[in-house]
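Down below is the structure, laid out as structure tokens.
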Amino acid sequence: MTGPDFKEITKRSPEKSLLLPLKKSGGRNAYGRVTSRHRGGGHKRMLRIIDFKRDLFESPAKVVAIEYDPNRSSRIALVEYPDKERRYILAPVGLSVGQSVISSNQKEAEIVTGNCLLLRNIPSGTMIHNIELKKGIGGQIVRSAGSSAQIMAKEGDFAHIKLPSGEVRLVSLDCHATIGQVGNVEHEALYLGKAGRNRWLGVKPQSRGLAMNPIDHPHGGGEGKSGQGNPHPVTPWGKPTKGYRTRNPKRYSNKFIVKRRK
């Protein structure tokens with residue numbers, strides 16, 4: 001079993017003004033029926049309101065604390081603006097208490113870790129995270145612990161961005177992104193060590209289809225230890241799985257993808 005050492009955490013209790021109650025569904029819908037399996041239980045949590053938009057422009061904010069957030073793999077930073085307004089942002093690698101960060105649309109803005117700038121003002125080759133896909137909507141991609149993307153080139157109104165998956169994607173130069181790599185890089189080395197620790201996270205046990213009866217799963221039945229029998233693995237409802245492409249080209253337009261992920 002491995003766990004984080006929390007050495008970067010400087011404040012134990014969260015900022016009360018930035019908390020919301022988080023209600024669990026246990027994987028049930030409005031009718032009380034399970035629509036998402038293997039969910040339920042887990043430790044009680046409060047939702048931290050994270051500022052993914054970074055829309056207080058040209059106003060430097062001072063980092064007050066680095067905190068733990070149970071709802072995400074990365075750490076969060078509490079920043080305070082000159083008017084005493086406080087917000088949470090994702091904490092990148094190297095961000096420390098007392099440092100200043102800014103969100104800016106100016107061309108002269110500094111290329112410093114934690115600063116949120118327009119893609120057109122960020123030099124090619126820079127590591128970035130919390131990237132917008134539509135102008136003003138707020139960062140949507142590259143937000144998990146240790147992840148970062150890279151600006152490969154700029155062409156016309158778009159930047160070619162290499163994502164952590166290896167995919168190269170076109171993003172408008174009018175979108176914002178934050179400089180640096182998301183913190184808590186050691187998260188990838190986390191090893192839960194026991195089933196009970198998964199239960200604390202709200203994940204219930206999963207039963208293999210092969211171990212079920214034919215009524216419960218297409219892979220079920222047979223004498224003793226038998227193979228799945230199907231030409232390809234399927235879900236309990238007969239849909240192909242484990243490698244079956246589910247991406248909808250109408251929602252995720254292929255025209256923005258320069259190079260597919262490996």
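- Put simply, the side chain of Glu110 does not reach to within 4.5 Å of the side chain of Ser100, judged on heavy atoms.
- No more than 12 heavy atoms of other residues, nucleotides or ligands shown are found within 6.0 angstrom of CG on Asp157.
- Contact annotation: the side chain of Gln106 never approaches that of Asn121 to less than 4.5 Å [non-hydrogen atoms, C-beta and beyond].
- With hydrogens and angles disregarded, no donor-acceptor distance shorter than 3.5 Å links the side chain of Asn198 to the backbone of Leu192.
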Decide side chain to side chain contact (heavy atoms under 4.5 Å, CB included) for Arg48 and Ile50; before the verdict, give the C-alpha distance in whole Å, the side-chain angles of both, and the deciding distance to 0.1 Å.
-> CA-CA 6 Å; Arg48 276 79 168 159; Ile50 312 291; 4.1 Å; yes

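- Side-chain atoms of Gln150 come within 3.5 Å of backbone atoms of Gly125 as a donor-acceptor pair (strictly under, hydrogens ignored).
- Counting heavy atoms from C-beta outward, Leu22 and Met46 have side chains that stay 4.5 Å or more apart.
- At a cut-off of 3.5 Å, with distance as the only test, a side-chain donor of His176 or Asn105 sits close to an acceptor on the other residue.
- With hydrogens and angles ignored, the 3.5 Å screen pairs a side-chain donor or acceptor of Thr2 with a backbone N or O of Ala189.
- Residue Arg86 holds its CZ atom at 14.0 Å from NZ of Lys16, rounded to the nearest 0.5 Å.
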Could you go step by step and tell me if Leu56 and Arg87 meet the side chain to side chain contact (heavy atoms under 4.5 Å, CB included) rule?
-> CA-CA 10 Å; Leu56 276 178; Arg87 291 189 181 187; 3.7 Å; yes

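- Residue Ile151 is grouped with residue Leu133 when hydrophobic side chains (ILVMFWY) are merged at heavy-atom distances under 4.5 angstrom, including chains of intermediate members.
- His219 places a side-chain heavy atom less than 4.5 Å from the side chain of Pro233.
- Hydrophobic clustering, with ILVMFWY side chains joined whenever heavy atoms are under 4.5 angstrom apart, keeps Val63 apart from Leu78.
- For the atom pair SG (Cys116) and CG (Asp51), the distance works out to 8.5 Å, reported to the nearest 0.5 Å.
- For the pair Arg197 and Tyr191, the minimum side-chain heavy-atom distance is 4.5 Å or more.
- Arg143 contributes a side-chain N or O that, together with a main-chain N or O of Gly139, makes up a donor-acceptor pair within less than 3.5 Å.
- By the neighbour-count criterion of 12 heavy atoms within 6.0 Å, atom CZ of Arg39 is sparsely surrounded, having that number or fewer from other residues, nucleotides or ligands.
- Other residues, nucleotides and ligands contribute at most 12 non-hydrogen atoms within 6.0 Å of the CZ atom of Arg261.
- The hydrophobic cluster analysis finds Tyr244 isolated: no Ile, Leu, Val, Met, Phe, Trp or Tyr side chain comes under 4.5 Å of it, directly or through other members.
- Between the side chain of Arg28 and the backbone N or O of Gly26 there is at least one donor-acceptor pair closer than 3.5 Å.
- Residue Val171 is grouped with residue Leu163 when hydrophobic side chains (ILVMFWY) are merged at heavy-atom distances under 4.5 angstrom, including chains of intermediate members.
- Taking NE2 from His160 and CZ from Arg169, the interatomic distance works out to 12.5 Å, rounded to the nearest 0.5 Å.
- Checked by atom type and distance alone, the side chain of Ser73 pairs as donor or acceptor with a backbone atom of Ala145 at under 3.5 Å.
- Considering every non-hydrogen atom in both Leu190 and Gly3, the closest pair reads CD1-CA, 3.7 Å.
- Residues Val142 and Pro164 form a side-chain contact, since some pair of their non-hydrogen atoms from C-beta on lies under 4.5 Å apart.
- In this structure, Phe158 and Phe256 have tilted ring planes: the angle between them lies in the 30° to 60° band.
- Enclosure of atom NZ in Lys11 by more than 12 non-hydrogen atoms of other residues, nucleotides or ligands within 6.0 angstrom is indicated.
- In terms of heavy-atom proximity, Lys24 sits nearest to His43 at NZ-O, 2.6 Å.
- Leu119 and Ile179 fall within the same hydrophobic cluster, where Ile, Leu, Val, Met, Phe, Trp and Tyr residues are linked whenever their side-chain heavy atoms come under 4.5 Å apart, directly or through other members.
- Here the CG atom belonging to Leu47 is positioned 10.5 Å from the CZ atom belonging to Arg45, to the nearest 0.5 angstrom.
- Side-chain contact check for Pro205 versus Arg199: some heavy-atom pair is nearer than 4.5 Å.
- Checked by atom type and distance alone, the side chain of His129 pairs as donor or acceptor with a backbone atom of Gly180 at under 3.5 Å.
- Heavy atoms only, all atoms of each residue included: Ala77 and Ile66 are closest at CB-CD1, 3.9 Å.
- Going from atom CD of Gln181 over to atom OG of Ser147 covers 7.5 Å, rounded to the nearest 0.5 Å.
- Closest approach of Ser226 and Gly221 over heavy atoms only: OG-O, 3.4 Å.
- A donor-acceptor pair is defined here as one N or O able to donate and one able to accept, closer than 3.5 Å; no such pair exists between the side chain of Asn184 and the backbone of Ile76.
- In this structure, Lys7 NZ and Glu186 CD are separated by 4.5 Å, a value rounded to the nearest 0.5 Å.
- Using a distance-only test at 3.5 Å, with no hydrogens or angles considered, a donor-acceptor pair links the side chain of Lys154 to the main chain of Ile122.
- The main-chain N or O of Ile215 is never found under 3.5 Å from a side-chain atom of Asn213 such that the two would form a donor-acceptor pair.
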Val234 and His232: CA distance, side-chain angles, deciding distance, side chain to side chain contact (heavy atoms under 4.5 Å, CB included) verdict = CA-CA 6 Å; Val234 292; His232 47 72; 3.7 Å; yes

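- Of all non-hydrogen atoms in Gly138 and Glu132, the two that sit nearest each other are N-OE2, 3.1 Å.
- Residue Glu188 places its CD atom among 12 or fewer non-hydrogen atoms of other residues, nucleotides or ligands, all under 6.0 Å distant.
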Quick one: do Lys62 and Glu80 satisfy salt bridge (Lys or Arg N to Asp or Glu O under 4.0 Å)? Show the steps, please.
-> CA-CA 5 Å; Lys62 190 180 177 184; Glu80 187 174 83; over 6 Å; no

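- Under the 4.5 Å side-chain heavy-atom criterion for ILVMFWY residues, no single connected hydrophobic cluster contains both Leu95 and Val185.
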Going through the distances and angles, do Arg54 and Val101 end up as a side chain to side chain contact (heavy atoms under 4.5 Å, CB included)?
-> CA-CA 11 Å; Arg54 304 283 299 270; Val101 293; 4.0 Å; yes

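- In terms of heavy-atom proximity, Ile131 sits nearest to Ala177 at CG1-CB, 4.0 Å.
- By the 4.5 Å heavy-atom criterion applied to side chains, Ile102 and Val112 are not counted as neighbours.
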